[in-house]
Amino acid sequence: MSGEQIDLDAIRARAAAATPGPWAWFGNTDVKNMYLATQRWGRQHVMGFARWGMSGAQPVFCNGRHWRPGDTGDVDFDLGSWMAKASELPIFAVAPDATSREDERVYRADLAGIRNPDAEFIAHARADVDALLAEVDRLRAQLDYIITGGDDRCCTLDLSEGHEGPCVWYCAWCNGAGECPDCNGTGPELAGCESCDTTGSCRYCNGAGRHVDDTPAPRPVETLVVAGERL
């Protein structure tokens with residue numbers, strides 16, 4: 001995925017449309033039965049198989065399935081869904097919006113997909129997982145770079161937002177400005193600002209804008225102000 005923009009919206013849409021997980025394979029080899037289903041909620045079928053002709057088989061998917069979050073964190077599935085053969089749900093390569101081989105636009109029966117959200121989710125899973133893992137690796141590399149010190153050039157991390165370096169390595173609280181984000185550097189005028197202790201300087205980076213640390217610097221007692229009174 002190097003150099004490519006991951007389409008998180010598309011991945012989220014496929015995940016939201018597919019049957020809620022986790023999924024697992026079930027069946028019994030003695031009775032020659034095998035299917036993919038949810039591990040919870042009454043083992044809702046995701047995909048099975050059906051004979052196709054004398055010696056072939058085709059996948060079967062649950063169609064028309066609807067669900068909603070339950071009161072206890074579970075999922076409530078509505079009635080009315082049915083198992084449909086993949087041959088009944090074709091997306092034809094030559095006419096993707098056609099739903100039947102009898103459509104005059106379908107002059108060739110080659111498939112481009114199966115018109116079912118679970119089938120769509122399965123087909124994209126290989127590429128989606130690779131893209132998400134690549135994104136995790138990229139973000140972890142940036143985080144490691146920042147934590148270990150880097151070279152003080154945020155432009156090398158694609159964090160420059162359009163400007164050219166060198167850039168100040170930013171503190172999560174003051175964004176490199178060294179000033180309190182709550183009072184914008186006007187701490188002495190705002191009695192008791194929590195982030196800057198009325199000094200106007202971010203106490204998470206001591207005004208340097210260079211230390212990524214969730215622990216604030218110690219509050220200087222002489223600058224604490226409570227209800228307008230200096231302690």
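Remember, it's a predicted structure, so these values are computed and weren't measured experimentally.
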Steps toward side chain to side chain contact (heavy atoms under 4.5 Å, CB included) verdict (V94, D110): CA-CA 8 Å; V94 296; D110 294 341; over 6 Å; no

- prompt: Passes side chain to side chain contact (heavy atoms under 4.5 Å, CB included), D128 versus R14? Steps please.
  reply: CA-CA 10 Å; D128 286 350; R14 285 190 285 270; 2.9 Å; yes

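When all heavy atoms of D118 and A18 are compared, the closest pair comes out as OD1-CA, 3.3 Å. Residue I114 comes nearest to A86 through the heavy atom pair CD1-CB, 3.9 Å, listed as atom of the first residue, atom of the second, then distance. Across V60 and A50, no two heavy atoms sit closer than the pair CG2-CB, 3.5 Å. Looking at every heavy atom in both residues, R115 comes nearest to D97 through NH2-C, 4.3 Å. The minimum heavy-atom distance linking C62 with N116 is given by the pair O-ND2, 2.8 Å.
For the pair E88 and K85, the salt-bridge criterion is not met [side-chain N within less than 4.0 Å of a carboxylate O].
Environment of CZ in R105: crowded, with over 12 heavy atoms of neighbouring residues, nucleotides or ligands closer than 6.0 Å. When the shell of 6.0 Å around CZ of R140 is examined, it contains 12 or fewer heavy atoms from other residues, nucleotides or ligands. Enclosure of atom CE in M34 is not indicated, since only 12 or fewer non-hydrogen atoms of other residues, nucleotides or ligands lie within 6.0 angstrom.
Checked against the 6.0 Å centroid threshold, W23 and Y35 do not count as a close aromatic pair.
Q58 has its side chain out of reach of R51: every pair of non-hydrogen atoms, C-beta onward, lies at least 4.5 Å apart. Here the side chains of N63 and M83 are not in contact, with every heavy-atom distance at 4.5 Å or above.
A tilted orientation is assigned to the rings of F77 and W41, their planes being inclined by 30° to 60°.
In this structure, R65 contributes its side chain and H45 its backbone to a donor-acceptor pair below 3.5 Å.
Residues F121 and F49 are members of one and the same hydrophobic cluster, defined by side-chain heavy-atom contacts under 4.5 angstrom among Ile, Leu, Val, Met, Phe, Trp and Tyr.
In this model, no donor atom of one side chain and acceptor atom of the other lie less than 3.5 Å apart for T38 and R43.
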